[in-house]
Amino acid sequence: MSERRANNEEVNNSLKSISIVSEDSKKFSVKLGSRYADVLQQIKDEADHKHWTTGTVLYEVCTMMDSDLEAADNGAFNEELVNKLLSGVGVPVEVVDRLGVPDNAEKVESDETERVVVYLPKSLYEQLPYFKAEYFEQRLTEWLESPFSSRLERARVKRDLVRVVNNDGSRDGVSVRTRELLNEFDELERAVDSVISWYAGLSVDEVEERIVEETKQTAESRVPALEYLFELRLNDVETLASGSLSSVHIKSQIEKEMLQGEEVGYISDVLDCTDKTARKYWEMIDDYWTDEGWMLEFVDEYTEDIIKEIVDNMKFNDKESMSLNKSNPAHLLALREIKDEGEDEAKTEVSVGGDVLVLWNLGSGDYSFKIQ
């Protein structure tokens, strides 16, 4: 046990949750060192649930700190499920289970002992070693070193870690406790970071600077990082265009930040490769970036405002009709939304305030807007 724990007059962990299995119990007694007997008594004294006994406390502590014990309770089932999720994203379960616990956690030796009566489920009792007092003292030593008070708390943190990995390292939406543990324990942060993409959380400039040294000259290594770069650049567009619903402004920001028509040259510069190789990478990038999907998604939340703006601009410039500009994401959004309003292949219309905007199908993929 660490000096900090051994010298503390109070128990540092507050055991707030115990999962109890309902089955026949085995009654026995053990002689525990006075320090450990006091720890057990303090846990019971501070418990919200006065029905907790020495046996129920030891049951939770042992099942939490000894992964070889087989238990059949809700706490065990819950952690078994979340352990599969954690392993599935590549974070070693044992790193979390043994967090803060030294490899050879030393017990506090005491000349005085106290006999303690214990009731444990028979299924658990049968798995215990012969020298039970020594075993309980070791498990309590480890539990006092652990930052978790119970399996329930540990399982909640594990779920948060799965969320962090799945969100490319973002800690948004996870508990304050999980963020604290990631900051406090380097081994936990390393375990999570090691399975997250190297570029997660970096800025455009940082990714551009590191992409060559961090990747091999393979599409499998470079294409995901390039896609992430374009995602970052689109985030910059959203920031720059924030508060402006002007389709002209949005269009200019997209052309500037997303390098429309200049993607191959950009990739060639960033990767210091030939245009031929850069084109190969660009052709392998997800279709989301090579068609207008991202443009539509970007302006989607402004649907009504943008369609109204098209009408207002036409009225301001005294235009009864206007050709649809396919390089303008606002026009592409209007095209999609208006087409969804009707089934007429030649003409579709939508009400905008007191006006009606008509979309005419001119054939060959061309369209025009007209105020009616």
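Along the sequence shown, the residues carry numbers beginning at 1.
The 12-atom threshold is not exceeded at NZ of K370, counting heavy atoms of other residues, nucleotides or ligands nearer than 6.0 Å. Within 6.0 Å of NZ in K26 there are 12 or fewer heavy atoms belonging to other residues, nucleotides or ligands. Applying the 6.0 Å contact sphere to CD of E320 captures no more than 12 heavy atoms from other residues, nucleotides or ligands. No more than 12 heavy atoms of other residues, nucleotides or ligands lie within 6.0 Å of CD in E209, so this atom counts as exposed by the packing criterion. No more than 12 heavy atoms of other residues, nucleotides or ligands shown are found within 6.0 angstrom of CZ on R279. More than 12 heavy atoms of other residues, nucleotides or ligands shown are found within 6.0 angstrom of CG on N317.
Within the structure, the ring pair (Phe, Tyr, Trp, His ring centres under 6.0 Å) test picks out the following pairs touching residues 94-126 (sequence neighbours left out): F28-Y125.
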Discussion item. I'd like to know whether E283 forms a side chain to side chain contact (heavy atoms under 4.5 Å, CB included) with V264, so could you lay out the CA-CA distance, the side-chain angles of the two residues, the decisive distance to 0.1 Å, and finally the verdict.
Written reply: CA-CA 9 Å; E283 291 174 351; V264 172; over 6 Å; no
Worksheet item: Stepwise, does the side chain to side chain contact (heavy atoms under 4.5 Å, CB included) test hold for L188 with L161?
Response: CA-CA 10 Å; L188 182 62; L161 296 177; 3.8 Å; yes
Worksheet entry | From CA spacing to verdict: side chain to side chain contact (heavy atoms under 4.5 Å, CB included), R151, D73 | CA-CA 11 Å; R151 289 174 293 166; D73 59 74; 3.2 Å; yes
Item to complete: Verify ring-ring contact (aromatic ring centres under 6.0 Å, His included) between Y266 and W282, making sure each step is shown before the conclusion.
Response: CA-CA 10 Å; Y266 170 68; W282 177 240; 9.5 Å; no
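Smallest separation of non-hydrogen atoms from S29 and R115: OG-NH1, 3.0 Å. Here the closest non-hydrogen pair linking M65 and D97 is CE-O, 4.3 Å. Heavy atoms only, all atoms of each residue included: V165 and I196 are closest at CA-CG1, 4.2 Å. Taking both residues in full, the closest heavy atoms of I211 and A225 are given as CD1-CB, 3.8 Å, listed atom of the first, atom of the second, then distance. Across S268 and A278, no two heavy atoms sit closer than the pair N-CB, 3.6 Å. Contact record, G55 with L120: O-CD2, 3.3 Å, taken as the closest heavy-atom pair.
The OH atom of Y36 sits 11.0 Å away from atom CZ of R139, with the distance rounded to the nearest 0.5 Å. Between atom CG of residue D38 and atom CD of residue Q41 there is a gap of 8.5 Å, rounded to the nearest 0.5 Å. Taking OG1 from T218 and OH from Y281, the interatomic distance works out to 6.5 Å, rounded to the nearest 0.5 Å. Note that CD of E79 and OG of S67 are 10.0 Å apart. Values are rounded to the nearest 0.5 Å. Of the inter-residue distances, the one linking S368 atom OG with N361 atom CG reads 9.0 Å to the nearest 0.5 angstrom. One distance of note links CG of D269 with CG of L259; it measures 10.0 Å at 0.5 Å rounding.
Hydrophobic clustering keeps L99 apart from V82 (ILVMFWY residues linked when any side-chain heavy atoms are closer than 4.5 Å, directly or through intermediates). Hydrophobic clustering (side-chain heavy atoms under 4.5 Å, transitive across Ile, Leu, Val, Met, Phe, Trp, Tyr) keeps V117 apart from F131. No single ILVMFWY cluster, assembled from side-chain heavy atoms under 4.5 Å apart, contains both F148 and F77. Side-chain heavy atoms closer than 4.5 Å link hydrophobic residues (I, L, V, M, F, W, Y) into clusters, and following such links, possibly through other members, connects V212 to L202. One hydrophobic cluster, built from ILVMFWY side chains closer than 4.5 Å, holds both V195 and V93.
The shortest distance between side-chain heavy atoms of Q127 and D68 does not fall below 4.5 Å. With a 4.5 Å cut-off on side-chain heavy atoms, N313 and F369 do not count as touching. Between M64 and L69, the closest side-chain pair of non-hydrogen atoms is not below 4.5 Å. Side chains of L357 and M314 form a contact here, defined as non-hydrogen atoms less than 4.5 Å apart. Residues L32 and V39 have side chains not in contact (no heavy-atom distance under 4.5 Å, counting atoms from C-beta outward). Counting only heavy atoms from C-beta outward, the side chains of L85 and K158 never approach each other to under 4.5 Å. Residues L40 and L58 form a side-chain contact, since some pair of their non-hydrogen atoms from C-beta on lies under 4.5 Å apart. Annotation: side chain of N166 is in contact with side chain of V89 (closest heavy-atom distance under 4.5 Å).
Looking at S87, its side chain never comes within 3.5 Å of a backbone N or O of K84 through a donor-acceptor pair. For the pair S146 (side chain) and E142 (backbone), a donor-acceptor distance under 3.5 Å is absent. S197 places no side-chain N or O within 3.5 Å of a backbone atom of Y199 that could act as its donor or acceptor partner.
None of V311, V356, V358 except one satisfies the side-chain contact (heavy atoms from CB on, under 4.5 Å) rule with I371; the exception is V311.
Electrostatic pairing of R177 and E180 counts as a salt bridge here, judged by a charged N lying under 4.0 Å from a carboxylate O. Ionic pairing of E208 and R233 is present here: one or more N-O contacts between side-chain nitrogen and carboxylate oxygen are shorter than 4.0 angstrom. The pair E137-R35 does not count as a salt bridge, with every side-chain nitrogen at least 4.0 angstrom from each carboxylate oxygen.
Residues meeting the side chain to side chain donor-acceptor pair (under 3.5 Å) test with R163, sequence neighbours left out: D160. Residues forming a side-chain contact (heavy atoms from CB on, under 4.5 Å) with R171 (at least two apart in sequence, or on another chain): V164, V174, R179, L182, N183, E189.
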